[in-house]
Structure formats: C-alpha cells, structure tokens
Protein chains: 2
Amino acid sequence: MRKKPAPRPTDAELAILRVLWKLGASTVREVHEVLNKTRPTGYTTALKLMQIMHEKGLISRDESARAHVYRTSLPEGQTQQSLVRDLLDRAFGGSAQQLVMRALQAKKTSPEELAEIRQLIEELEAKNREDSK
Amino acid sequence: MRKKPAPRPTDAELAILRVLWKLGASTVREVHEVLNKTRPTGYTTALKLMQIMHEKGLISRDESARAHVYRTSLPEGQTQQSLVRDLLDRAFGGSAQQLVMRALQAKKTSPEELAEIRQLIEELEAKNREDSK
DNA sequence: AACTATATACGAAGATATTCGTAGTTGTCA
DNA sequence: TGACAACTACGAATATCTTCGTATATAGTT
C-alpha cells in the first residue's frame, strides 16, 4: 500500500508553489496578493486552484483557523529535481550532459555561479575517483 | 508583422518531435510505428496530432506524395533550449546554476560527460576573462 | 472493373486545466 | 444585534489535450 507520488504540477500550480516556497505557509489571500501583481486573476481562482492542489496532495492545509493556512507538501529542491528529471526524460533522452549544456547556453551565468558549478563538478569527479578505488 | 513563435509542445507532441528528430522527415505511419512500441495508440491518433502540430507550426509537411512527409520546423537543440529556458523561468527563478545543480543530482553522469561539462565551463570562464580585459 | 489496403480529413468524446460567479458561513464592530 | 467584510465550497463555462471512429479518396492487384 504505497502512496501515489505527487503528480507533476501544472503551470498555474507551479506558480502557486513558488509563492508558498517563498513565503512559507500562507493563506489564500496572501498567495493571491502576490500572484495578482504579475498575473491578475480573481481571488476565487487562486482559492479553487489551491483546493485542487490540496486534493492532489501537492499542498497540505491547516483548517484550524477560519482562513486555512496552506503549505507545500514537498521542499522546493525535491520538486525541482522531479521537474528536471521529467524534462530530462521527455526532451533529452536522459542525458544530463545535454541538458546542462543547453541550460548554460540558454542563460548568461555569472562568473560566481560558474565557479560554483565547476566546484560541484570537481567534487563529483573526486567522488568518482574515490569510488573506483 | 512578425510570425508567432512556435508554442511549447505538449507531452504527446514532444514525443512525436523526438521521433522526427531521430528519423528525419517521415510519414505518419513511420512515426506511429516507432511510438506504438513504447506507447500503444491508434494510427489516427498520431495522424491527428501531427495535423494539429502542423497547424501550430511545430512541423511542416510535404504533400506531394499521397502519404505526406513531415519534418520538424526547428532543430532539436533550439527546442531543447526553449524548453530549458521555460523551465528555468517557471521553476528556478531564472537561475541556471540551480537548474544545473539539480540536473547533476537528478541523474548519475558518467566521468566522460562530467569532463565535457567541466570543459564547457572552463571555456565560458576563459571567455569571461577575455571579455573583461 | 471490382476489391483491398492505405491515406487523409473531420467530428466528437472524455480528461484535464483554468477561470470565475454565486451561495452560504463566520467573524468583527458600530 | 444587525450590517458588513472576508472566507470556503461548489457548480459551471471555456479552453486545451488526447484519443479514436467514420467517411472518403487513392493506388495497386486480380
């Protein structure tokens, strides 16, 4: 008896998740106020979406107060990981290398960020050498 | 009077694009035969999808033969780039660094691939130093 | 010429995603 | 307490995605 994995969030759902990760546990109103700035929609639209996300298990809620308080079910990094893995499979035949290449070409990356990435890679390479001993 | 950019392909559409990139220009039957192995569906499903993709501008077709021959409108790399950029914006706040990190964690990458990525990064870093002179 | 195999076109069903209006409930405050 | 503001629940309209059945056309074969 295993629990179903959370389904891939849709575009609108991901927008809400991003707000919740940023703000932490929040009410519908708080989420709506943030979203409304960049993408004007009605309050009940946000409400309905969050109710659906709750049904799907993407978010959980605390109903003890009149205004329910919602929080994400999974940490940001874990969801990002899933999304990347999904894109990897759907568009890159599973090749992380190709995806990384495209990502670095798709957007200018600051020298500091490049250095961090290089460091991560060097760590992975060191780990490989370690393992093969 | 500018042409509309090709919309983001849906899951089923991307699966078809992948076959077309792999095989090159192909008929519906050829595409369907490949897809049918991994995801059994009817022939007319593939046909309909490809007709819609043609309307959207995702693929073009040569109607001179009885069996139309379809080809992708954009090269694989360009579409991959768009998809990565899209995910970057929707889930990573535009941070390529974060996305790369997640990609490398999401999937084991071979030492050879890691080396290639490292090389790309070193090239980008060299280019940065060059530019800042 | 009739039959068969293989095409395309098209409509439509069913599922999912997104949007919002309306109804009804609850807390606040003058 | 009565009016108002804010909240949830719910139904439904609209759009999009995915699937397939049916109608029709065309090429090849006997």
Side-chain angles (χ1 to χ4, degrees), chain A residues 4-20 25-71 79 83 86-87 90-91, chain B residues 4-20 25-71 79 83 86-87 90-91:
Chain A
K4 232 175 272 183
R8 170 155 54 115
T10 66
D11 285 4
E13 287 168 350
L14 187 53
I16 287 174
L17 287 177
R18 298 241 292 145
V19 174
L20 286 176
S26 311
T27 63
V28 174
R29 176 146 310 272
E30 288 162 343
V31 170
H32 175 250
E33 250 154 34
V34 173
L35 286 182
N36 208 40
K37 286 180 203 152
T38 53
R39 193 160 196 301
T41 53
Y43 171 83
T44 56
T45 299
L47 170 66
K48 180 67 161 185
L49 275 171
M50 290 171 77
Q51 286 171 344
I52 291 172
M53 291 169 76
H54 177 237
E55 280 171 27
K56 290 185 183 176
L58 286 171
I59 56 183
S60 63
R61 71 179 175 190
D62 176 352
E63 308 181 359
S64 62
R66 187 161 85 100
H68 300 171
V69 176
Y70 291 82
R71 68 180 63 248
T79 300
L83 290 170
D86 181 74
L87 184 62
R90 285 188 303 114
Chain B
K4 233 175 271 185
R8 170 155 54 113
T10 65
D11 285 4
E13 288 169 350
L14 187 53
I16 287 175
L17 287 177
R18 299 240 293 145
V19 174
L20 287 175
S26 311
T27 63
V28 173
R29 177 147 307 275
E30 288 162 343
V31 170
H32 175 248
E33 251 153 33
V34 173
L35 286 182
N36 208 40
K37 285 180 204 152
T38 52
R39 194 162 195 301
T41 52
Y43 170 84
T44 56
T45 299
L47 170 65
K48 180 67 162 185
L49 275 171
M50 290 170 77
Q51 286 171 342
I52 291 172
M53 291 169 77
H54 177 236
E55 281 172 26
K56 290 185 184 175
L58 285 171
I59 56 183
S60 63
R61 71 179 176 190
D62 176 352
E63 309 182 359
S64 62
R66 187 162 86 99
H68 301 171
V69 176
Y70 292 80
R71 69 180 61 250
T79 299
L83 290 170
D86 180 74
L87 185 63
R90 285 188 303 112

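To find a chain, count down the sequence lines: A is the first, B the second, and so on, and within it residues start at 1.
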Just to verify, what does A:H32 make a ring pair (Phe, Tyr, Trp, His ring centres under 6.0 Å) with, not counting sequence neighbours?
A:Y43
Please determine if a side-chain N or O atom of B:K56 lies less than 4.0 Å away from the OP1 or OP2 oxygen of D:dC17.
yes
Taking atom P of D:dA25 as reference, at what distance in whole Å does atom CD of B:E63 sit?
17 Å
Scan B:T45 against the nucleic acid and name what it touches under 4.0 Å (heavy atoms): base, sugar-phosphate only, or nothing.
base
How is B:T10 classified with respect to the nucleic acid when contacts are heavy atoms under 4.0 Å: base, sugar-phosphate, or nothing?
sugar-phosphate
At under 4.0 Å between heavy atoms, what does A:T41 touch on the DNA or RNA strands: base, sugar-phosphate, or nothing?
sugar-phosphate
The answer to which of B:G42 and A:K48 contacts DNA chain D further toward the 5' end, by nearest nucleotide, is A:K48
In Å and rounded to the nearest 0.5 Å, what is the CD1 to CG distance from A:I16 to A:L58?
10.0 Å
Distance check: side-chain N/O of A:R39 vs OP1/OP2 of C:dT19, anything under 4.0 Å?
yes
Indicate, yes or no, whether a donor-acceptor pair under 3.5 Å links the base of C:dT8 to the side chain of B:R66.
no
Spatial distance of atom CG (A:D11) from atom CZ (B:R8) [nearest 0.5 Å]:
4.5 Å
Is the phosphate of C:dG21, meaning OP1 or OP2, less than 4.0 Å from a side-chain N or O of A:Y43?
no
What about A:R29, does its side chain sit under 3.5 Å from the base of D:dA6 through a donor-acceptor pair?
no
Just verifying a value: how many Å separate A:M50 CE and A:S26 OG, rounded to the nearest 0.5 Å?
7.0 Å
C:dT8 phosphate, OP1 or OP2: any side-chain N/O from B:Q51 under 4.0 angstrom?
no
Whole Å only: how far is the CE atom of B:M50 from the C1' atom of D:dC20?
17 Å
